[in-house]
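Hydrogens, waters and symmetry mates play no part in the numbers below; they use all other heavy atoms, side chains included. Nothing here was measured: the structure is a model prediction, and the numbers come from that model.
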Amino acid sequence: MRKLKKMGKVVKDLRYTVYSPLDGQPCADHDRATGENAQPQEYVLIKMEVIPPFPPKLKVLEGKNVYLAAATLRPETMYGQTNCWVLPNGNYGAFEVNDADVFILTARSALNLAYQNLSRVPEKPTCLAELSGNDLIGLPLKSPLSFNEIIYALPMLTILTDKGTGIVTSVPSDSPDDFMALQALVTKPALRAKFGVKDEWVLPFDIIPIIDIPGFGDKSAEKVCVDLKITSQYDKEKLAEAKRMTYLKGFTEGVMVVGEYNGRKVEEAKPLIKNKLLEEGLAVLYSEPEKKVMSRSGDECVVALTDQWYITYGEVEWKQKAVKCLKNMNTFSAETRNGFEHTLGWLNKWACSRSFGLGTRIPFDEQFLVESLSDSTLYMAYYTIAHLLQNGDMYGKERSSIRPEQMTDEVWDYVFCDGLAPKSDIPPALLSKMKQEYEYWYPLDIRVSGKELIQNHLTFSIYTHTALLPEHHWPRGFRCNGHLMLNSEKMSKSTGNFQTLGQAIKEYSSDATRFALADAGDGMDDANFVTETAKSAIMRLTKEIAWMEEVIASQSSLRSGPPSTYADHVFANEINIAVNETEKSYNSFMFRDALKSGFYDLQLARDEYRLSCGAAGMNRDLLVRFMEVQTRLITPICPHYAEHVWQNILRKEGFAVKAGWPIADTPDPTLRIANKYLQDSIVLMRKLHQKQGSGSKKPKKGAAPPRAAENKLTVGLIYVNEHYDGWKEQCLRVLQPNYDSQTRLFAPDEDISEALKNCFVEHEASFTQVQKLCMPFIRFKKDEARTIGPRALNLKLPFGEMNVLEENLELIRRQLGLEHAEVLSASDGAARARAGRHVSVLNNNPPSPGEPVAIFMSKQEFEAQN
């Protein structure tokens with residue numbers, strides 16, 4: 001704090017801040033029960049003077065200047081006022097602002113004003129009369145800038161009294177809400193009669209053009225309401241859309257057509273008109289929280305004008321440093337980076353002092369403490385030397401040879417900021433040791449924290465590092481996470497959906513708890529601890545131990561040696577992929593992904609391997625490698641389980657946690673694609689075989705009985721076309737020149753779509769027919785090319801389909817229950833002839849790369865035609 005103050009980055013100033021009247025101090029985010037991140041919202045409070053004589057309800061105010069106080073965000077529109085709005089059944093009060101002036105508004109807004117030096121008694125609103133909205137209807141008013149000398153207070157039923165003052169200016173030329181509400185009173189005599197509204201308060205007032213907006217003219221509200229066919233002031237969705245269409249455009253492109261700033265753009269005129277109103281005493285500034293804020297003391301907060309210490313976040317040069325720091329940081333997710341960028345965009349002066357609570361005294365003004373979010377933004381640097389200052393005790397219970405008063409600013413500068421050697425009675429060797437420890441560990445590579453701190457504490461930390469430390473010591477990474485849910489619901493003691501870490505460990509064991517926590521999810525989304533996952537983890541890990549014990553006991557019956565079969569190579573490749581993918585996930589702190597690739601996917605690969613091996617049996621050396629690798633990969637998540645397997649089952653020396661990361665060969669993505677092709681093809685062929693073998697429907701009563709044993713479909717002919725043709729070939733020829741093999745990126749979709757259309761320009765009808773097929777195929781091929789490179793765009797698959805199927809014919813026969821199977825080329829006329837009467841299947845559904853076609857027949861039929 002001292003150093004930041006010397007640099008001019010901590011200043012004392014009178015500013016608006018969210019404030020708790022009960023606590024008597026600013027209410028920062030950590031002090032709030034609700035409304036975190038809400039900032040003061042500034043309004044211009046228009047003083048609409050009530051013209052005497054006053055009605056009976058206001059007689060008590062005679063002799064004072066009485067104003068309806070309307071809060072607006074658009075002071076430039078005040079030229080177009082035709083009336084003002086009040087809520088008929090709303091509760092209002094007449095509050096003293098000073099000895100002469102009285103504002104009529106809601107009690108909530110009066111309380112905010114009282115903390116902004118706009119109350120006769122500071123911090124205590126004085127109400128001279130309690131009023132309802134009905135008491136205010138018909139009051140004649142003289143309103144600043146209005147071209148109408150007198151306007152009247154009229155009823156509006158959609159006013160919200162929890163925002164603004166409950167008094168609303170009416171500018172029907174530019175406000176869709178005002179236009180519809182005024183039209184209702186103009187066109188509905190019964191509505192006027194219901195609220196006692198006289199015709200002369202409404203009918204003489206025409207809409208006054210004040211701003212010309214391109215596309216909407218100088219009566220934008222009327223045009224947009226007509227265009228959107230809005231018929232009622234209660235059509236909230238359409239009115240919101242109308243405002244969305246006109247308000248921003250009116251500010252950025254609108255031009256004033258009235259007043260002394262006629263001809264100037266609204267964004268230029270707005271601040272000038274605002275200053276004019278304030279300087280001439282026709283308005284005052286008013287602020288309130290942009291949404292409801294409740295302090296942890298149970299107090300609804302206001303906005304107060306307070307004289308306190310601020311840190312000057314947002315200062316141009318300092319902000320540039322913070323932006324540069326963030327640019328070079330690893331945020332581990334785009335959402336986190338977007339959060340920091342957004343916060344750096346809006347963050348400005350931040351109140352950093354509070355009157356009481358836990359925290360550090362501000363060294364140059366000890367009546368205040370540093371508020372919690374502004375405090376400890378550099379404590380990660382302290383960690384690097386804490387063991388030297390605390391005599392090795394992490395809790396600071398032990399006394400060090402270094403006294404607190406010896407740690408002067410010069411000492412801190414020397415240790416942290418590349419400062420000169422200080423004059424100090426701390427031994428030089430110890431000073432050197434502190435500097436050495438700090439420089440070994442800094443800059444920090446990662447800091448893990450909650451996502452809710454991005455908008456304050458973590459961004460403050462970036463600012464503080466860039467202000468106090470040289471660039472080579474700026475942080476390198478922040479990893480932010482969400483909150484933790486329990487069984488898809490927010491944890492809450494009141495609902496009973498609550499569990500402590502100790503309870504979870506006692507019920508499920510520490511490893512099963514860690515397993516479920518890893519599976520709960522990562523990133524900015526809230527993680528979800530599912531108790532069933534923890535329970536199933538116990539069964540999974542127990543079952544895995546039993547399987548490994550069986551393998552170890554029976555390994556003498558397994559074949560040994562390097563991988564030799566197709567199934568061996570696939571399994572070995574899956575192990576290599578798991579090692580690489582899991583390492584990436586751990587490095588990114590994506591524990592669910594690590595669990596998926598390092599455990600779930602490995603389990604699936606092992607199970608598939610068992611099914612694929614058949615008569616050849618499994619490879620003992622490959623299974624041992626699988627067990628070793630899986631144990632190492634899951635060690636960070638389930639360390640107790642891993643150590644048990646490592647030492648008691650695998651009989652390894654030392655600890656699994658110290659065994660190091662497993663070494664893996666470079667994965668073969670093509671082999672993985674080929675195996676997926678094989679497995680998917682088997683699934684499809686099995687379904688087809690079952691359908692043909694049993695018939696799609698059960699035989700009807702009296703129908704012929706099922707096939708005799710000799711007519712069972714025990715022969716399979718698998719036809720393959722290894723080359724793309726037709727529209728698929730055209731798609732690939734379009735993708736090839738639009739692909740960068742170095743970056744593995746494609747040209748924009750629009751360019752690809754146009755090139756594809758040109759291929760079919762002579763057959764537009766054909767293009768229309770195949771377009772629905774083209775786009776999914778193109779997406780599939782683009783994804784494949786990003787994974788395995790340009791080979792994915794070849795006119796044949798990156799592997800030999802016939803080779804894969806032929807090498808696995810024994811597996812196919814076993815999986816489909818066939819006696820005989822062959823793989824044939826669909827382009828070979830002799831091979832097609834062997835299909836006999838089933839050749840029509842090939843004609844109607846021709847095979848293509850990745851999509852073989854199987855024909856099944858009985859052994860009797862096969863032998864007869866071959």
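The minimum heavy-atom distance between Ile462 and Ala322, with the atom names listed, is CG2-O, 3.8 Å. Scanning both residues, His457 and Arg447, for their nearest heavy atoms gives NE2-NH2, 3.2 Å. Shortest non-hydrogen contact noted between Thr312 and Trp318 is O-CE3, 3.5 Å. The minimum heavy-atom distance linking Arg606 with Trp547 is given by the pair NH1-CE3, 3.2 Å. Here the shortest heavy-atom pairing between Ala534 and Ala512 reads O-CB, 3.5 Å. Taking all atoms of both residues into account, the shortest heavy-atom contact from Thr513 to Phe529 is O-CE1, 3.7 Å.
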Exercise. Between His483 and Glu452, does a side-chain hydrogen bond (donor to acceptor under 3.5 Å, both in side chains) hold up when you go through it step by step?
Worked result: CA-CA 9 Å; His483 303 123; Glu452 73 278 7; 3.3 Å; yes
For this session: Walk me through it: do Lys243 and Asp177 pass the test salt bridge (Lys or Arg N to Asp or Glu O under 4.0 Å)?
Result: CA-CA 9 Å; Lys243 288 181 281 189; Asp177 289 311; 2.7 Å; yes
For this session: Would you check, one step at a time, whether the test salt bridge (Lys or Arg N to Asp or Glu O under 4.0 Å) holds for Glu241 with Lys238?
Result: CA-CA 5 Å; Glu241 174 64 12; Lys238 284 188 177 181; over 6 Å; no
For this session: Begin with the C-alpha distance, continue with both residues' side-chain angles, and end with the deciding distance and a verdict on salt bridge (Lys or Arg N to Asp or Glu O under 4.0 Å) for Lys12 and Asp365.
Result: CA-CA 10 Å; Lys12 203 169 190 182; Asp365 193 351; 3.4 Å; yes
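For residues 626-639, the salt bridge (charged side-chain N to carboxylate O under 4.0 Å, His left out) pairs, not counting sequence neighbours, are Glu628-Lys652. Evaluation of the salt bridge (charged side-chain N to carboxylate O under 4.0 Å, His left out) test over residues 330-340, restricted to residues two or more places apart or in two chains, returns none.
Summarising the local packing, CH2 of Trp661 is surrounded by more than 12 heavy atoms from other residues, nucleotides or ligands at distances under 6.0 Å. No more than 12 heavy atoms of other residues, nucleotides or ligands shown are found within 6.0 angstrom of CG on Asn91. In Lys292, the NZ atom is not crowded: 12 or fewer heavy atoms of neighbouring residues, nucleotides or ligands sit closer than 6.0 Å. Atom CZ of Arg2 has 12 or fewer neighbouring heavy atoms from other residues, nucleotides or ligands inside a 6.0 Å radius. Within 6.0 Å of atom CD in Gln367, more than 12 heavy atoms from other residues, nucleotides or ligands are found, so the atom counts as buried in its surroundings.
Aromatic rings of Phe416 and His473 (six-membered ring for Trp) have centroids beyond the 6.0 Å cut-off, not under it. The distance between the ring centers of Phe655 and Trp646 does not fall below 6.0 angstrom. Taking the six-membered ring wherever Trp is involved, the centroid distance between the rings of Phe515 and Tyr508 does not fall below 6.0 Å. A ring-centre distance under 6.0 Å is not found for Trp350 and Tyr310.
Without hydrogens or angle criteria, Arg514 side chain to Ile637 main chain gives a donor-acceptor distance under 3.5 Å. No donor-acceptor distance shorter than 3.5 angstrom exists from the side chain of Asn112 to the backbone of Val302, with no hydrogens or angles considered. Proximity of a side-chain donor or acceptor of Asp29 to a complementary backbone N or O of Glu36 within less than 3.5 Å is not detected. In this structure a side-chain-to-backbone donor-acceptor pair under 3.5 Å is missing from Arg592 to Ala518. In this structure, the side chain of Thr500 engages the main chain of Gln503 through a donor-acceptor pair within 3.5 Å. Within the 3.5 Å criterion, the main-chain N or O of Met524 finds a donor-acceptor partner in the side chain of Lys451. Remark: side-chain polar atoms of Asn497 are paired, donor with acceptor, to backbone N or O of Leu486 under 3.5 angstrom. Between the side chain of His644 and the backbone N or O of His640 there is no donor-acceptor pair closer than 3.5 Å. With hydrogens and angles ignored, the 3.5 Å screen pairs no side-chain donor or acceptor of Thr384 with any backbone N or O of Met380. In this structure, Ser509 contributes its side chain and Ile505 its backbone to no donor-acceptor pair below 3.5 Å.
Taking the six-membered ring where tryptophan is involved, the planes of Tyr115 and Tyr19 are tilted, since the angle between them lies from 30° to 60°.
One side chain, Ser20 or Asp299, offers a donor N or O that lies under 3.5 Å from an acceptor on the other. Checking Ser353 against Gln308 by side-chain atom types alone, a donor-acceptor pair falls below 3.5 Å. In this model, a donor atom of one side chain and an acceptor atom of the other lie less than 3.5 Å apart for Thr106 and Ser109. The closest side-chain donor-acceptor pair between Ser295 and Asp31, if any, does not fall under 3.5 angstrom. A donor-acceptor contact closer than 3.5 angstrom is absent between the side chains of Asn576 and Glu574. Side-chain contact, Thr582 with Ser597: a donor N or O sits under 3.5 Å from an acceptor N or O. Judged by distance alone, the side chains of Trp474 and Asn328 never bring a donor and an acceptor atom under 3.5 Å apart. Inspection of the Glu288 and Tyr286 side chains reveals an N or O donor paired with an N or O acceptor under 3.5 Å. Under 3.5 Å, the side chains of Glu371 and His30 contain no donor-acceptor pair of N or O atoms.
From Leu458, atom CG reaches atom CZ of Phe478 across 5.5 Å, with rounding to the nearest 0.5 Å. Separation of atoms CZ (Arg625) and CD (Gln630) is listed at 12.5 Å; rounding is to 0.5 Å. Separation of atoms CZ (Phe460) and CG (Asn456) is listed at 5.5 Å; rounding is to 0.5 Å. A distance of 7.0 Å separates CE of Met1 from OG of Ser374, quoted to the nearest 0.5 Å. In this structure, the separation between CG on Leu4 and OG1 on Thr464 is 6.0 Å, given to the nearest 0.5 Å. The CG atom of Asp235 sits 12.0 Å away from atom OG1 of Thr158, with the distance rounded to the nearest 0.5 Å.
Contact check for Asp522 versus Phe332: no side-chain heavy atoms found under the 4.5 Å cut-off. Side-chain atoms of Val303 and Thr17, non-hydrogen and from C-beta on, never get closer than 4.5 Å to each other. When side chains are defined from C-beta on, Glu315 counts as touching Lys9, because their heavy atoms get closer than 4.5 Å. Looking at Glu544 and Gln603, their side chains come closer than 4.5 Å, going by heavy atoms from C-beta outward. Contact of the Tyr463 side chain with the Leu347 side chain is registered, since non-hydrogen atoms from C-beta on lie closer than 4.5 Å. When side chains are defined from C-beta on, Gln499 does not count as touching Leu484, because their heavy atoms never get closer than 4.5 Å.
A salt bridge links Asp13 and Lys349; the closest N-O separation between the charged side-chain nitrogens and carboxylate oxygens is under 4.0 Å. For the pair Lys584 and Asp593, the salt-bridge criterion is not met [side-chain N within less than 4.0 Å of a carboxylate O]. The pair Arg108-Glu300 does not meet the salt-bridge criterion, since no charged nitrogen lies less than 4.0 angstrom from a carboxylate oxygen. By the 4.0 Å N-to-carboxylate-O rule, Asp445 lies close enough to Arg476 to be salt-bridged with it.
For Lys596 and Tyr600, the positive end is not near the middle of the six-membered ring at less than 6.0 Å and at most 45° from its axis.
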